[in-house]
Amino acid sequence: MPMEEDLESGQMESLIQAFREQLLACLEECATGRRGLFSDYEHLGQEAWPEAARLRELAFALQSILAQSGEADPLCDQFLDLCSIHGENDPGEPKLARAFLNEIAGGQ
């Protein structure tokens with residue numbers, strides 16, 4: 001049904017737009033030094049960042065929904081890739097956020 005497809009497409013676009021807006025807002029905040037965007041830092045005594053936790057949940061859900069139709073969102077995929085960086089090669093969240101913001105700005 002074309003109308004259902006249009007509705008679903010419109011809802012998906014709204015979801016992607018909401019993700020991107022929240023991503024940019026969180027990246028800006030993280031780039032200035034706030035920690036917890038790419039993973040929870042509560043265990044290190046850092047204050048919780050609920051918006052970042054919701055953004056990660058939204059990214060996982062969006063990736064899953066898009067995968068069902070064989071699609072992907074590059075920003076969502078890259079954000080989730082950055083969320084998986086841990087260990088001694090981790091350059092730090094503010095540095096990752098600034099690099100990601102620069103990449104997004106260069107691609108627009």
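Residues Leu37 and Leu82 fail the side-chain proximity criterion, which asks for heavy atoms closer than 4.5 Å. Counting heavy atoms from C-beta on, the side chains of Met12 and Leu62 come closer than 4.5 Å. When side chains are defined from C-beta on, Gln63 counts as touching Asp77, because their heavy atoms get closer than 4.5 Å. The shortest side-chain heavy-atom distance between Cys83 and Arg56 falls under the 4.5 Å cut-off. In this structure the side chain of Leu15 reaches within 4.5 angstrom of the side chain of Ile65, judged on heavy atoms.
Rounded to the nearest 0.5 Å, atoms CG (Leu55) and CZ (Phe79) are 4.0 Å apart. Rounded to the nearest 0.5 angstrom, Phe60 CZ and Leu80 CG are separated by 5.0 Å. Distance OG1/Thr32 to CZ/Arg98: 9.0 Å, rounded to 0.5 Å. Leu58 contributes atom CG, which lies 12.0 Å from atom CZ of Arg20 (distance to the nearest 0.5 angstrom). In this structure, Trp49 CH2 and Glu29 CD are separated by 4.5 Å, a value rounded to the nearest 0.5 Å. Considering CD of Gln22 and CG of Leu27, their distance stands at 10.0 Å, rounded to 0.5 Å.
Phe19 and Leu75 make their closest contact through CE2-C, 4.1 Å (heavy atoms, listed as atom of the first residue, atom of the second, distance). Smallest separation of non-hydrogen atoms from Ala52 and Gly36: CB-O, 3.4 Å. The nearest pair of heavy atoms linking Ala31 to Ala97 is N-CB, 3.7 Å. When all heavy atoms of Asp73 and Ile16 are compared, the pair lying nearest together is OD1-CG2, 3.8 Å.
Proximity of a side-chain donor or acceptor of Glu93 to a complementary backbone N or O of Phe38 within less than 3.5 Å is detected. Put simply, the side chain of Ser14 gets close to the backbone of Gly10: a donor and an acceptor are under 3.5 Å apart.
At a cut-off of 3.5 Å, with distance as the only test, no side-chain donor of Glu13 or Gln17 sits close to an acceptor on the other residue.
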